[in-house]
Structure formats: structure tokens, C-alpha cells
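Written below as C-alpha cells is the structure these notes are about.
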There are 2 protein chains.
Amino acid sequence: MLTADTADTAETVAPTGRRALARERTWRELKAAALDEVREVGPAGLALRSVARRLGMSPAGLYRYVDSRDGLLTALIADGYHDLADHLEVALGIDTAALGDRERPEPQVPVVAAADAPVEVRLRAVGLAYRAWSVTHPNEFGLLFGDPIPGYAAPADGPTVEAMARVGGALARPLLEAAAAGRLRVDPVLSDPTVAGPPGAMDPVLPPGTDRAVGPLLLLAWGRLHGQVSLEVFGHHHWLFPDGCEALFRADLERTLHDLGLVTP
Amino acid sequence: MLTADTADTAETVAPTGRRALARERTWRELKAAALDEVREVGPAGLALRSVARRLGMSPAGLYRYVDSRDGLLTALIADGYHDLADHLEVALGIDTAALGDRERPEPQVPVVAAADAPVEVRLRAVGLAYRAWSVTHPNEFGLLFGDPIPGYAAPADGPTVEAMARVGGALARPLLEAAAAGRLRVDPVLSDPTVAGPPGAMDPVLPPGTDRAVGPLLLLAWGRLHGQVSLEVFGHHHWLFPDGCEALFRADLERTLHDLGLVTP
DNA sequence: TTGCGTTGCGAACAATGTTCGCGCAGGGTG
DNA sequence: CACCCTGCGCGAACATTGTTCGCAACGCAA
């Protein structure tokens with residue numbers, strides 16, 4: 001049983017067969033219902049019996065598709081990473097490589113920077129898209145970046161890390177372009193082996209052979225974006241800072257562009 | 001009933017009386033047991049019945065001290081903010097103003113910068129202490145900064161915001177000192193009213209009359225610290241970056257000092 | 001001592017995740 | 001075309017959780 005996972009993770013075999021199609025459809029409906037519930041009550045409030053009710057199904061019936069509540073959550077996490085990655089790629093003008101069962105490419109993002117735009121414009125676009133997705137999907141953001149579900153560690157080959165590698169790859173893309181164009185000012189501190197890590201780290205995100213300093217630079221920029229967004233989405237900025245969150249985010253983003261040497265003061 | 005809350009939030013009346021002392025003691029034991037459980041199984045895994053078992057109490061008995069599971073969580077959140085603030089203040093050489101029932105000032109932090117140290121040293125110290133506490137208290141970090149508990153909004157006058165204001169105040173202190181010394185380079189973007197917010201925002205953290213740009217600067221620096229720490233603690237950095245987290249954090253911190261004009265390249 | 005407020009307990013209720021065994025229908029195989 | 005059998009869904013059940021209610025015991029003040 002639970003062939004849905006294999007059909008979802010590795011889409012090697014064609015999902016031919018009438019039965020497999022029905023299974024796939026209800027599996028999608030199940031995830032959609034669960035995602036609706038997460039949107040309403042948050043990741044911690046997701047109840048299997050409630051999504052069963054939405055589907056008009058028995059609670060036990062769900063276990064033909066899911067091995068546990070946490071398993072459903074990890075499936076939603078993987079989908080969430082893919083959704084975020086789709087948005088980031090759209091912001092970069094990429095037509096969302098290899099979208100499988102999720103049908104919708106997303107039109108509206110604050111800034112879209114085509115592939116021939118200058119790198120600073122592209123980095124700005126992907127940063128703003130990161131925030132825009134997070135602010136408009138707070139509960140999914142919590143699902144992806146909030147408390148990890150207790151006792152769970154993502155299997156290194158699981159769909160979760162592959163999906164997360166996609167968002168890392170989208171964030172890295174402008175940096176790689178800048179590095180290729182020689183426009184990236186690399187801080188000597190970041191090239192230090194203790195910072196850059198062993199060669200081969202970041203392999204799932206960065207192509208092999210890239211400058212050792214790009215990895216730390218990516219994580220540094222990502223961490224900055226993420227910090228502002230995380231504090232804002234979880235209500236820590238908004239608490240003492242009602243309306244300036246986006247402006248503050250833009251200011252920090254600009255500062256980061258400057259730190260990377262991509263823009264002159 | 002539930003006089004413990006009032007006795008805990010406002011310690012106006014002396015807790016005289018033999019009974020009040022016993023009540024206070026079991027209330028502390030209760031919070032300690034709950035905190036132990038949070039440390040072991042995470043905030044989402046905290047079970048009232050389990051802490052009741054630890055205390056050798058009936059589950060119903062807990063409700064003489066707690067109005068709900070979420071109420072207990074908010075009490076732990078407030079305590080967590082205070083604990084973090086204590087660590088930050090210790091790193092700044094302040095003797096942890098007004099510690100009430102929590103008895104322990106904390107000796108070991110990576111860097112302690114006395115009040116007469118240069119501001120950049122002090123800001124470094126508080127930043128490193130922020131990370132050190134978070135990394136050594138991952139589940140409490142998740143409690144404070146992870147998913148907000150569903151449907152809960154901190155009451156504006158509650159103990160939670162007061163405690164959080166303490167950590168904001170500790171982070172702000174070096175910035176205020178730098179501003180007072182005229183050493184803070186203020187980005188004109190950050191003085192813009194749309195970024196700085198209405199006058200009077202950040203009142204619980206910053207003393208009135210401080211430069212309007214200090215608030216955004218604080219949130220900017222805090223967001224940077226927080227982003228790196230959050231990604232690290234929740235396992236997103238560690239996943240593709242085994243050992244360089246502290247070095248990366250230090251690099252970003254140094255970059256931030258530079259952005260603030262507190263250190264020359 | 002008497003009385004009252006506080007404290008704790010046992011039982012109970014609703015809701016949750018999860019398992020087990022059964023029926024049943026539909027699809028691939030003879 | 002007929003058959004079997006695989007997969008799907010269900011009902012019931014069990015353990016565990018948060019929470020409430022009424023009752024018993026106890027400390028403290030009058």
C-alpha cells in the first residue's frame with residue numbers, strides 16, 4: 001500500500017490505469033483539503049479527522065493515502081517548498097521548471113525581472129517575491145520554517161530536501177549570474193574554509209565548481225531576507241512596527257545588494 | 001481562583017502567608033516541569049497530563065494554577081523572553097535588572113563586554129549571546145519565535161510583551177550608546193517616515209526622544225541576527241552547511257557592524 | 001471550635017491519532 | 001465472458017489528550 005508516495009516522489013512509471021488516476025485525484029483533493037485547513041488553523045491545528053470530514057470520508061480511509069499525520073505534514077511541506085519555488089522562479093522570468101501535479105503557475109508578483117535584466121534587479125525581484133509569498137501565505141510559511149515537527153528529520157533523499165533545494169537554487173541564481181559576470185564582491189572572510197565548509201557542501205543547490213564564497217554569500221543573503229520576513233510574519237515586527245515592514249525589508253535588501261557589491265551607494 | 005497569575009504578573013502584594021508561599025512554590029515547580037517537557041519534546045508536544053504526572057498530581061489539579069494549556073504556554077513564553085533577556089544583559093555586563101522568581105543569573109557566555117567597552121564590542125557581544133542562547137535552547141527558541149500558537153494574540157499589556165521589550169531593549173542598548181556618541185551612521189532611507197513609523201512606535205523599547213532612525217536600525221540588525229539564527233536552529237542551514245554556522249554568523253555580524261558605521265573595513 | 005476559602009482528586013465528556021477486520025466493487029487475467 | 005483478487009473505504013475500537021464538574025480534605029482566620 002501507500003503507492004501514492006512512490007508515485008509522487010518518483011514519477012518514473014506512467015500513472016496509467018484508470019484506478020491510478022482516481023487515486024491520484026483523491027490524493028490531490030486530500031492535500032488540497034489539508035492545505036485549506038492549514039491555511040485556516042495553522043500547522044499545529046491540522047486534524048486528520050477534520051480533513052476526512054471535508055472529503056466526506058471516514059478517518060480510517062485517509063490511511064490508505066497517508067501513513068500518519070506527520071507524513072501528511074511532510075507532503076504538505078514539500079508542496080509548500082515547490083509553491084514558493086514556483087513563485088520565485090516566476091519572479092525571475094523562468095517558466096517554473098518541471099511542475100508536476102500542481103497546475104498553477106502564478107501570474108502576479110510585485111516585480112518580475114526577465115533573464116536579461118541586470119543581476120541587481122533580478123536579486124531584488126527574487127527577494128521581494130520571497131517576502132510577498134511569505135506575507136500572503138503566513139501559515140504555510142510557518143509550516144515550512146516554523147517549529148520543525150517534533151522528532152522528525154527530513155530524509156536526505158526525500159522530496160522535502162529536493163523541493164527546498166529548488167528554492168535555494170532560485171535564490172542562488174542571481175548570485176551565480178553575478179559571480180559569472182565577475183560583479184560579485186567576495187568578502188575574504190567568507191572564502192575561509194571554516195565558513196565555506198567542505199567542498200561538495202551545497203551540492204544540491206549550487207553547481208559544482210562554483211566559487212567557494214558563493215555558498216556562504218547565498219546563505220548570508222538568504223538569512224537576511226529570512227530574518228526580516230520571519231519576524232514580520234510571526235508578528236514580532238508588526239507588534240511594535242505597524243506599517244513599515246515592507247519599507248524596512250526593502251531597505252535591508254538594498255543594504256545587502258550594496259554589501260554584495262552589486263550596487264553603488 | 002487563579003490568583004497565581006496576578007501574583008506572578010504584578011508582585012505588588014507581598015506573598016506573605018504560609019499558603020501563598022506553598023502556592024508559589026508549586027507554581028514554580030509546575031513551570032519548571034513544563035519547561036523540562038518543552039525542552040524534551042518541543043512546544044507542540046507539551047501535554048498537560050504529562051507535566052501533571054511529573055508533579056505527581058492529577059490532571060485536573062493543574063487547573064488550579066493554569067486556565068488552559070495555551071495559558072501555560074504563554075507563561076512559559078514570558079519566562080523564556082526573560083531568560084533570553086537575562087543572558088543578553090549578562091553579556092552586556094548589566095546585572096540582569098529585576099529578576100523576580102527566576103533565581104539564576106548566568107555566568108558563561110562567549111563574550112562579555114563591560115559597560116565601558118567600545119560600542120562595537122558590546123554589539124558583538126550581545127549578538128553572539130543571542131545566537132549562543134538560541135543554539136543551546138533550541139526548543140525554547142521555537143517556543144518564542146516559532147509558529148505562534150493558533151488563534152492567540154499576546155495582550156498588549158500582558159507579561160509577554162513586557163518580557164519581549166526587555167530583549168529588544170538589551171539589543172537596542174549598544175545602538176543607543178552609539179547614537180549618543182554620534183558614531184551611528186544613519187541611512188537616510190531609514191529615517192523616512194514610512195520606514196520609521198509613527199512617532200511613539202517602539203515606545204516600550206526605546207526611550208522617547210531618540211533618533212527616529214534608531215528604531216528601524218534596531219529592527220534591521222535584529223532581523224539579520226534572527227534570520228541566521230532561525231535558519232540554523234530550525235535545521236535549514238545545518239542541512240547543507242554542517243559546521244560553518246557560527247563562522248557565517250560572525251561574518252554577517254561583522255558586515256552589520258560595518259553597515260552601521262561602527263567598524264571600518 | 002467553627003466556618004470559609006483554597007486545593008486537590010476522581011470521574012466523566014468530547015475530540016484526536018491510529019489500528020484492525022470486514023465488505024465491496026472494479027479491474028486485470030484466465 | 002467469468003473470475004479472482006487487489007485496493008479502497010468503512011465501522012468499531014483503543015489509547016491519549018484537554019477540560020469540566022462535584023466532592024472531600026485541609027489550612028487559616030475569627
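Atoms considered below: every heavy atom in the structure, side chains included; atoms not considered: hydrogens, waters and symmetry mates. Chain identifiers are assigned alphabetically (A, B, ...) following the order of the sequence lines, protein sequences preceding nucleic acid strands; residue numbering begins at 1 within each chain.
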Discussion item. Expressed as a whole number of angstroms, how long is the span from A:Leu55:CG to D:dC8:C1'?
Written reply: 14 Å
Worksheet item: B:Lys31 and salt bridge (Lys or Arg N to Asp or Glu O under 4.0 Å): which partner among B:Asp36, B:Asp83, B:Asp79?
Response: B:Asp79
Worksheet entry | B:Tyr63 OH - C:dA12 C1' separation (whole Å) | 14 Å
Response to the item:
Of D:dG11, C:dG21, D:dT20, the nucleotide closest to the side chain of A:Arg64 is C:dG21
Discussion item. So if I take every side-chain heavy atom of A:Ala60 and compare against C:dC9, D:dT17, C:dT19, which nucleotide ends up nearest?
Written reply: C:dT19
Worksheet item: Does B:Glu232 pair with B:Arg131 as a salt bridge, N-O distance under 4.0 Å?
Response: yes
Item to complete: Starting at atom CG of B:Leu46, determine the distance to atom P of D:dG18, rounded to an integer number of angstrom.
Response: 8 Å
Discussion item. Less than 4.0 angstrom between a side-chain N/O of A:Tyr65 and OP1 or OP2 of D:dG9, yes or no?
Written reply: yes
Item to complete: Rounded off to whole Å, could you give me the CG-to-P distance for the A:Leu62 and C:dT19 pair?
Response: 13 Å
Discussion item. Regarding A:Ser68, tell me which of base, sugar-phosphate or nothing describes its non-hydrogen contacts under 4.0 Å with the strands shown.
Written reply: sugar-phosphate
Worksheet item: If you look at every strand shown and take non-hydrogen atoms under 4.0 Å, does B:Arg53 touch a base, only sugar-phosphate, or nothing?
Response: sugar-phosphate
Discussion item. Between P on C:dT18 and CG on A:Asp67, what's the gap in Å once rounded to a whole number?
Written reply: 9 Å
Worksheet item: Do A:Tyr130 and A:His87 get their side chains close enough for a donor-acceptor pair, meaning under 3.5 Å?
Response: no
Fill in: Closest nucleotide among D:dC21, D:dG11, D:dT19 to the B:Leu48 side chain
D:dT19
Worksheet item: CD of A:Glu29 versus P of D:dG9: gap in Å, rounded?
Response: 10 Å
Worksheet entry | Euclidean distance, atom CG of residue B:Leu73 to atom P of D:dT19 [Å, nearest integer] | 10 Å
Worksheet item: Base, sugar-phosphate alone, or nothing: which one does B:Leu72 contact when heavy atoms must sit under 4.0 Å apart?
Response: nothing
Practice prompt. Please state how far atom CG in B:Leu21 lies from atom P in C:dT7, giving the value in whole angstrom units.
Written response: 12 Å
Discussion item. Counting distance alone, no hydrogens or angles: does the base of D:dG7 have a donor or acceptor under 3.5 Å from a partner atom on the side chain of A:Arg23?
Written reply: no
Worksheet item: Under 4.0 Å between a side-chain N or O of A:Arg69 and OP1 or OP2 of C:dG17?
Response: yes
Worksheet entry | Presence of B:Arg49 side-chain N/O under 4.0 Å of C:dT16 phosphate oxygens OP1/OP2 | no
Discussion item. I want to check a possible cation-pi pair here: B:Arg166 against B:Tyr81, using under 6.0 Å from ring centre and within 45° of the ring axis as the test.
Written reply: no
Worksheet item: How are the rings of A:Phe145 and A:Phe141 set relative to one another: parallel (under 30°), tilted (30 to 60°) or perpendicular (over 60°)?
Response: tilted
